[in-house]
K.L.:
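Please find one structure pasted underneath; my questions will follow.
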Amino acid sequence: MNISAKADYAICAAVALAATDGDAPVKGEALARSQDIPTKFLENILVDLRQGGVVTSHRGPEGGYRLDRPADEITLADVIRAVDGPLASIHGDRPEATEYRGAAEELQTVWVALRASMRAVLEGVTLADVVERRVPAEVLRLAREPDAWMRR
């Protein structure tokens, strides 16, 4: 599993928006500064997040960005999909579209299971969960596994 810099920054920006108080839009520059994200890179990310239905933008001197839906309705998977596309792909295809022959035939099952496990975590955690430090119990259980913290 590889989380791209783009996806990581997108999640950080979305969490920062979720943590803002009220309906006032946040300027892209302020958001970039608050999360230590290069401004130009964040501007491109915000375009993807807007097109993906995660954020909305408002023009003008009082303009900026805010979440398009309540933070408890936006999952980490929603943010990743908005900037990087599907959670799991094999050579650009969805796991169920892969075909293997002979000894490798069972790999399709493995890739589908991997996607299911990523979905279980990333669709189970919302922006509000992160802001409120209330990661779901199943995710905490996985993170508390001794091997989870070991580099391999």
Side-chain angles (χ1 to χ4, degrees), residues 1-99 107-143 148-149 151-152:
M1 168 87 200
N2 180 43
I3 302 292
S4 70
K6 188 175 184 181
D8 186 45
Y9 285 157
I11 289 171
C12 289
V15 167
L17 287 174
T20 61
D21 192 22
D23 291 328
V26 177
K27 299 273 185 210
E29 301 83 25
L31 191 56
R33 248 188 337 272
S34 77
Q35 296 301 305
D36 199 25
I37 301 171
T39 303
K40 290 291 184 191
F41 193 35
L42 181 59
E43 287 174 5
N44 292 328
I45 291 169
L46 289 167
V47 167
D48 289 342
L49 291 175
R50 187 175 47 77
Q51 291 173 343
V54 175
V55 302
T56 186
S57 63
H58 304 277
R59 295 182 184 262
E62 301 300 315
Y65 296 89
R66 65 176 152 220
L67 295 178
D68 196 33
R69 296 174 275 149
D72 62 354
E73 294 179 14
I74 301 172
T75 68
L76 300 186
D78 294 332
V79 176
I80 292 171
R81 286 185 186 113
V83 298
D84 280 349
L87 294 178
S89 67
I90 315 307
H91 303 288
D93 288 328
R94 296 183 184 276
E96 69 274 11
T98 60
E99 291 184 30
L107 281 176
Q108 181 189 47
T109 302
V110 174
W111 301 148
V112 169
L114 176 65
R115 179 184 58 190
S117 96
M118 287 190 304
R119 280 180 176 169
V121 172
L122 297 172
E123 289 178 353
V125 180
T126 67
L127 298 178
D129 292 333
V130 175
V131 169
E132 296 169 12
R133 292 177 165 81
R134 62 166 198 232
V135 176
E138 177 60 19
V139 175
L140 284 175
R141 186 191 66 72
L142 291 169
W149 295 89
R151 183 178 176 186
R152 294 186 190 223

K.L.:
Side chains of Thr56 and Arg66: does their closest heavy-atom pair fall under 4.5 Å?
P.N.:
yes
K.L.:
What heavy-atom pair brings Val131 and Val15 nearest, and what distance separates the two atoms?
P.N.:
CG2-O, 3.5 Å
K.L.:
Drop me the distance from Arg33's CZ to Thr39's OG1, to the nearest 0.5 angstrom.
P.N.:
7.5 Å
K.L.:
Output all residues satisfying salt bridge (Lys or Arg N to Asp or Glu O under 4.0 Å) with Lys27, sequence neighbours left out; order by chain, then residue number.
P.N.:
none
K.L.:
Give, for atom CZ of Arg50 and atom CD1 of Ile45, the distance between the pair rounded to the nearest 0.5 Å.
P.N.:
14.0 Å
K.L.:
Measuring from atom CD of Gln35 to atom CG of Leu42, what distance do you get when rounded to the nearest 0.5 angstrom?
P.N.:
9.0 Å
K.L.:
Using distance only, find each side-chain donor-acceptor pair of residues 75-88 under 3.5 Å and give its atom names and separation, not counting sequence neighbours.
P.N.:
{"unit_1": "Thr75", "atom_1": "OG1", "unit_2": "Ala77", "atom_2": "N", "d": "3.3"}
{"unit_1": "Thr75", "atom_1": "OG1", "unit_2": "Asp78", "atom_2": "N", "d": "3.0"}
{"unit_1": "Thr75", "atom_1": "OG1", "unit_2": "Asp78", "atom_2": "OD1", "d": "3.4"}
{"unit_1": "Thr75", "atom_1": "OG1", "unit_2": "Asp78", "atom_2": "OD2", "d": "3.2"}
{"unit_1": "Asp78", "atom_1": "OD2", "unit_2": "Thr75", "atom_2": "N", "d": "2.9"}
{"unit_1": "Arg81", "atom_1": "NH1", "unit_2": "Glu123", "atom_2": "OE2", "d": "3.3"}
{"unit_1": "Arg81", "atom_1": "NH2", "unit_2": "Glu123", "atom_2": "OE2", "d": "2.6"}
{"unit_1": "Asp84", "atom_1": "OD1", "unit_2": "Ser4", "atom_2": "OG", "d": "3.4"}
{"unit_1": "Asp84", "atom_1": "OD2", "unit_2": "Ser4", "atom_2": "OG", "d": "2.5"}

K.L.:
Using atom types as modelled and distance alone, determine if a side-chain donor or acceptor of Asp8 lies under 3.5 Å from a backbone N or O of Ala5.
P.N.:
no
K.L.:
Which atom names give the shortest non-hydrogen contact between Tyr65 and Ser57, and what distance separates them?
P.N.:
CE2-CB, 3.5 Å
K.L.:
Identify, with sequence neighbours excluded, every residue that meets salt bridge (Lys or Arg N to Asp or Glu O under 4.0 Å) alongside Arg94.
P.N.:
none
K.L.:
Nearest 0.5 angstrom please: Ser117 OG to Leu122 CG, how far?
P.N.:
9.0 Å
K.L.:
For Glu96, check salt bridge (Lys or Arg N to Asp or Glu O under 4.0 Å) against everything at least two apart and list the hits.
P.N.:
Arg115
K.L.:
Considering residues at least two apart in sequence or located in another chain, which fulfil the salt bridge (Lys or Arg N to Asp or Glu O under 4.0 Å) criterion with Glu29?
P.N.:
none
K.L.:
Work out which heavy atom in Leu31 is nearest to a heavy atom in Ala16; give both atom names and the distance.
P.N.:
CD1-CB, 3.6 Å
K.L.:
Taking all non-hydrogen atoms of both residues into account, name the closest pair between Leu127 and Ala18 and its distance.
P.N.:
CB-CB, 3.9 Å
K.L.:
Partners of Pro38 by side-chain contact (heavy atoms from CB on, under 4.5 Å), sequence neighbours excluded?
P.N.:
Tyr9, Phe41
K.L.:
Could you grab the distance from atom CD of Glu99 to atom CD1 of Ile90, nearest 0.5 Å is fine?
P.N.:
13.5 Å
K.L.:
When rounded to the nearest 0.5 angstrom, what distance separates CD in Glu132 from CG in Asp72?
P.N.:
8.0 Å
